[in-house]
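Following: one structure in structure tokens, then a few remarks.
Only this structure's heavy atoms are used, side chains among them; waters, hydrogens and symmetry mates stay out. Within every chain, numbering begins at 1; the chains are lettered A, B, ... in the order of the sequence lines, protein sequences first and strands thereafter.
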Number of protein chains: 2
Amino acid sequence: MPDSDYRQRLEQQKQASTLQLLFKASRLANERALELVRARSPDTRVRPAHTALFPHIDLEGTRQTVLASRLGISKQAVGQLVDDLVAMGMVERVPDPDDARARLVCFTATGRLALLDGLAVLMQLQAELEGRLGAEVMHTLQQNLAALLSALEEGTAPG
Amino acid sequence: MPDSDYRQRLEQQKQASTLQLLFKASRLANERALELVRARSPDTRVRPAHTALFPHIDLEGTRQTVLASRLGISKQAVGQLVDDLVAMGMVERVPDPDDARARLVCFTATGRLALLDGLAVLMQLQAELEGRLGAEVMHTLQQNLAALLSALEEGTAPG
DNA sequence: TCTAATGGTAAAGCTACTTGACTATATCCG
DNA sequence: CGGATATAGTCAAGTAGCTTTACCATTAGA
């Protein structure tokens, strides 16, 4: 393969790199959010994987299997994260009245406060980014990401 | 805290979830790409972390520290990935004529073919998504992601 | 009522990193 | 020139965030 061909393909790659942008942006945003959390409460033991769970826990409690499917991860992974959150006093597992196998993951009072605090961090970062990008870009980005997400979910579901 | 307040905050969270969309989309796209790779060559030992390196390796070779900074990960992490790729015969480490400490990571002939093959996979996925979202959405998504990325990089650099 | 599905746990392993400590070479400077 | 400091890379160990496999308890369906 001559160099010229190779270089040409590399050019194509650059054009095809939306997905790589996605990966890198995700990584960086994650890191940045973690920085903010640590700056705000340096002794926190809550990690992003935990906070990712938070918005999916309903007020009346949510089963772990439901959390797993909402997050797109295994129920065991959810179990581990919930274990951690229970140890931190953020959530508790209460028996599900409708099914003796199941338990509902519910926030404690502490957990709710932490949720709101975490929310504040996310909004801070979001506001920071919006300040640089403009509200419109931020808005269309959200729309397009949502579309991308559903396209990705569509793609795997029927297979 | 009354429930009504709590519910209201949750609504805010939903609005503030661009970043969570980003995280989830990134995860899914990664998985989808991996599926495609495995469908194409079931016995491959190359993983996404390896292929992420590929577009950053220049034709004339690239130092590991440079790769690390381009990818935003530690030089040790790059070292590990390059170790793997060397074992697979994809790349080789050649001495840097300008610096006896350094070595240049270069593609082997095998590596170049693998690169082009991986590129094809990425473009396939990209085309698949573009088919669902439309070229325009895909294009603005790329633009916006690039903007987001530079905003994120700006944010950490001066700190 | 037997069977299959579902909710969850236990244990181990894997990927993709990180940190800290170290060596070898290079560069700047008095 | 010599010495401090920076840089390229390696080695070893640890961590985060999952997964897979195996299993138990309960429930739902034929």
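The side chain of Arg103(A) contributes no N or O atom lying less than 4.0 Å from OP1 or OP2 of dA25(D). Phosphate contact (OP1/OP2 of dT15(D), side-chain N/O of Arg45(A), threshold under 4.0 Å): absent.
Taking a 4.0 Å limit (strictly below) on heavy-atom distances, residues 74-86 of chain A reaches DNA chain C at Lys75(A), Gln76(A), Gln80(A).
Applying the side-chain hydrogen bond (donor to acceptor under 3.5 Å, both in side chains) rule to Asn30(B) yields no partners; only residues at least two apart in sequence or on another chain are considered. Every residue two or more places apart in sequence or in another chain that forms a salt bridge (Lys or Arg N to Asp or Glu O under 4.0 Å) with Arg93(B) is listed here: Asp83(B).
Residues His56(A) and Thr62(A) have side chains not in contact (no heavy-atom distance under 4.5 Å, counting atoms from C-beta outward). Contact annotation: the side chain of His139(A) never approaches that of Glu130(A) to less than 4.5 Å [non-hydrogen atoms, C-beta and beyond]. Put simply, the side chain of Leu59(B) reaches to within 4.5 Å of the side chain of Arg112(B), judged on heavy atoms. Taking the side chain as every heavy atom from C-beta outward, Val78(A) and Val105(A) never approach each other to under 4.5 Å.
One can place CG of Leu34(B) at 16 Å from P of dC14(C), the figure rounded to the nearest angstrom. In this structure, Leu71(A) places its CG atom 12 Å from C1' of dC18(D), rounding to the nearest Å. His50(A) has its NE2 atom 12 Å from the C1' atom of dC18(D), to the nearest Å. Rounded to an integer number of Å, the gap from CD of Gln64(B) to C1' of dC11(D) is 13 Å. The distance between atom CZ of Arg27(A) and atom P of dA16(D), rounded to the nearest whole Å, is 16 Å. Atom-to-atom, CG of Leu53(A) to P of dC18(D) comes out at 10 Å; the value is rounded to the nearest Å.
In this structure, CZ on Phe23(A) lies 11.0 Å from CG on Leu145(B), to the nearest 0.5 angstrom.
Comparing dC18(D), dC17(C), dT10(D) by their nearest atom to the side chain of Ile73(B) picks out dC17(C).
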Strictly under 3.5 Å: I want the nitrogen or oxygen pairs between protein and nucleotides 2-7 of chain D, one per line.
{"residue": "dT7(D)", "atom": "O2", "partner": "Arg101(B)", "partner atom": "NH1", "Å": "2.5"}

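Within the structure, the salt bridge (charged side-chain N to carboxylate O under 4.0 Å, His left out) test picks out no pair touching residues 142-152 of chain A (sequence neighbours left out). The stretch residues 133-148 of chain B participates, sequence neighbours left out, in no salt bridge (charged side-chain N to carboxylate O under 4.0 Å, His left out) pair at all.
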